[in-house]
Amino acid sequence: MKTVKRINTDSYVIRDILAKSLDLKILNLKEVSNLIALEDDELWDEVFETARIVKEKVYGNRIVLFAPLYISNKCVNNCVYCGFRKGNKKARRKSLSVDEAVQEALLLAGKGYKRLLLVTGEHPKYARVDYLEKIINGIYKNTDIRILHINTAPMSVEDFRRLKSSGVGVYQCFQETYHFPTYRLMHPSGPKADYEWRLDVLNRAIEAGFEDVGMGVLLGLYDWRWDSAALIAHSHRLIKKYGFGPHTLSVPRLQPAEGSELKTTQYKVSDRDFKKIVALYRLALPYVGIVVSTRESSRMRDELFSIGASQVSAGSKTSPWGYIEDSDTEQFEVGDKRNLEEVIGKIASMGLIPSLCTACYREKRSGEKFKHLAQKQALKNFCHENALLSLKEYIEDHASRGLKEQLTKMLNNEIAHNCNGIAEKFKLIEYGKRDIHV
Ligand code: SAM
Ligand code: SF4
């Protein structure tokens, strides 16, 4: 007789799963389900601690920083939860010209950012690849921004090819929810109402040459247990098909938005569950970067810095032209309002290394190659040195006096204990050389 495998949260089963994650092995769906069903708070504390160790093994103690750059809030969709939805008649709409996008990017580069995430609503003109190419070329040509990632609407393979050739690093698109009935309720009209077109988007992006893709579900639309398991299952399918899965998983959690139609949700994700989701992703797919945005409060983000987050935004505005003049409709309310300097200072005070590095994308350490290096734990060797070099540049060019002292102490400690040979490179940076990386 065939035995039915049941969910098992006995401590020995959970500890076996944690041991597998510590070996940096991808968890299967049965193991993921066991973790999701776990209720024992003490065992969850072990899970959090394991997530911290796994993160440290793969990525070292670095946290990479970036900012989103919203280029248009015009949108033909009606996602009920979003301030940019077409039905929000009170929205103040704006799409940046190339010159305006360059001005915003210059302002961010002036604060020390080297990587930006472009974000757009879906619009026949302002999410078209022609428009995006012009914006991307303009920013690369006229600013010190070294890598642009993008979160924009799904497109065809041909358009993705053009987007990739314009020099974008990661293409990000969130399924929002995998639960079809909920998806239909949340996306009543516009091209985004087509569930399958969205579900297939990363296949098209990868086939067009994007080796780094970012995935996520919007936490709070449906039961997080179901949706996070579905997201992991989707990642497994990509790994099986292409040899690599998502480069990053994001954890957007539903926030209030001016003009949103979704006033309440029965699936609100508590802070404790949110922390569990980050740990779950970290353990299920150990080599994947986890992105935590400023949707979350500073308190929550500070906790996540040490249990699994590897990339965080800082000082974000969620409206186009928001950095220069904060007056158009935001996509949602920002929780962590600290600026880049404050977030860098906080990360450093926790003994972690704030990084502004962009080397992997430019050295073509992407897709399967990135996964391979991460699995061999070789990634953190490059990344550690690159992170320190990027921080040294930040100290020279942007840090205020107090932060400069704090970060210099940190770098001196690294010279003394961990990173022989880097002192020479720091000297070169002091003499004005920039963008040194391995
Ligand atoms: N318009 C494109 C799309 O929907 O895919 C790309 C950019 S959209 C502005 C980026 C993401 O923001 C969405 O995929 C969604 O998950 C998230 N988002 C939208 N409204 C939100 C809200 N009220 N709170 C938190 N995240 C939200
Ligand atoms: Fe438009 Fe994206 Fe907002 Fe939906 S989530 S309304 S597609 S900007």
Side-chain angles (χ1 to χ4, degrees), residues 68-89 91 93-95 116-124 126-128 131-132 149-155 163 168 170-178 182-195 197-202 204-205 213-222 224 227-228 231 248-265 267-269 274 291-297 300 313 316-320 322 328-336:
L69 174 49
Y70 279 71
I71 53 178
S72 173
N73 62 7
K74 295 185 183 156
C75 192
V76 292
N77 290 316
N78 245 322
C79 315
V80 297
Y81 45 81
C82 179
F84 294 172
R85 68 189 177 86
K86 185 180 176 188
N88 181 6
K89 298 294 177 214
R93 308 273 178 186
K94 176 149 182 86
S95 302
L116 300 180
L117 171 69
L118 300 178
V119 186
T120 66
E122 180 159 3
H123 189 272
Y126 298 108
R128 264 178 76 111
Y131 168 74
L132 298 174
H149 301 323
I150 195 161
N151 185 327
T152 189
M155 50 184 88
L163 190 64
V168 167
V170 178
Y171 171 71
Q172 233 184 39
C173 186
F174 308 149
Q175 184 62 27
E176 320 296 14
T177 174
Y178 287 88
T182 306
Y183 188 92
R184 284 182 68 168
L185 275 177
M186 298 293 153
H187 307 100
S189 61
K192 194 164 163 181
D194 187 341
Y195 178 94
W197 175 247
R198 196 161 181 96
L199 191 63
D200 208 31
V201 61
L202 298 179
R204 294 195 298 281
V213 292
M215 303 169 76
V217 284
L218 182 51
L219 298 162
L221 294 188
Y222 187 59
W224 70 264
D227 259 338
S228 44
L231 176 65
T248 53
L249 290 181
S250 296
V251 283
R253 178 162 57 155
L254 198 60
Q255 302 299 323
E258 190 188 309
S260 154
E261 272 202 322
L262 194 66
K263 300 301 174 211
T264 53
T265 159
Y267 298 110
K268 195 169 171 8
V269 176
F274 188 68
V291 186
V292 180
S293 75
T294 55
R295 289 173 178 87
E296 298 304 323
S297 68
M300 173 52 68
S313 47
S316 308
K317 297 286 180 192
T318 67
S319 57
D328 291 304
T329 294
E330 295 178 317
Q331 194 192 12
F332 49 80
E333 286 173 21
V334 166
D336 183 350

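Just follow the structure's listing: the first ligand is 1, and inside any ligand the first atom is 1. Only heavy atoms go into these numbers, but all of them, side chains included; no hydrogens, no water, no symmetry mates.
Under 4.0 angstrom from ligand 1, the non-hydrogen atoms of E176 all belong to its side chain. Neither the backbone nor the side chain of Q175 has any atom closer than 4.0 Å to an atom of ligand 1 (non-hydrogen atoms only). Contact annotation for T120 and ligand 1: only backbone heavy atoms (N, CA, C, O) come within less than 4.0 Å of the ligand. The backbone and the side chain of Y81 each have at least one atom closer than 4.0 Å to an atom of ligand 1 (non-hydrogen atoms only).
For ligand 1 and L218, the ligand atoms under 4.0 Å from any heavy atom of the residue are 16 (O), 25 (C), 26 (N), 27 (C). Here is the list of ligand 1 atoms found below 4.0 Å of a heavy atom in V119: 7 (C), 9 (C).
Under the 4.5 Å side-chain criterion, counting only non-hydrogen atoms from C-beta, Y267 is not in contact with D227. Y178 has its side chain within reach of Y195: a pair of non-hydrogen atoms, C-beta onward, lies under 4.5 Å apart. Side-chain atoms of N151 and F174, non-hydrogen and from C-beta on, do get closer than 4.5 Å to each other. Under the 4.5 Å side-chain criterion, counting only non-hydrogen atoms from C-beta, C173 is in contact with P154. Between Y126 and N73 the shortest side-chain heavy-atom distance does not fall below 4.5 Å. Counting heavy atoms from C-beta on, the side chains of R198 and Q175 come closer than 4.5 Å. Within the 4.5 Å cutoff, the side chain of N77 has no heavy atoms near those of the H187 side chain.
Separating the CG atom in L218 from the CE atom in M186 is a distance of 9.0 Å, to the nearest 0.5 Å. Taken to the nearest 0.5 Å, the CD atom of E258 stands 10.5 Å off from the OG atom of S319. Taking OH from Y183 and CG from L221, the interatomic distance works out to 10.5 Å, rounded to the nearest 0.5 Å.
Regarding atom 4 (O) of ligand 1, its nearest protein heavy-atom neighbour is K192 NZ, 2.8 Å. Counting protein heavy atoms only, atom 3 (C) of ligand 1 is closest to R198 NH2, 3.6 Å. What sits closest to atom 6 (C) of ligand 1 on the protein, heavy atoms only, is N151 OD1, 3.1 Å. Annotation: atom 17 (C) of ligand 1 to nearest protein heavy atom, R295 NH2, 3.4 Å. Remark: minimum distance from atom 9 (C) of ligand 1 to any protein heavy atom is reached at Q331 NE2, 2.7 Å. Of the protein's non-hydrogen atoms, the one nearest atom 24 (N) of ligand 1 is Q255 N, 3.0 Å.
At a 4.0 Å cut-off, not a single heavy atom of Q172 sits close enough to ligand 1 to count as contact.
The minimum heavy-atom distance between S260 and V80, with the atom names listed, is OG-O, 3.3 Å.
Summarising the local packing, NZ of K317 is surrounded by 12 or fewer heavy atoms from other residues, nucleotides or ligands at distances under 6.0 Å.
Taking a cut-off of 2.8 Å, the protein N, O or S atoms nearer than that to atom 1 (Fe) of ligand 2 are C75 SG.
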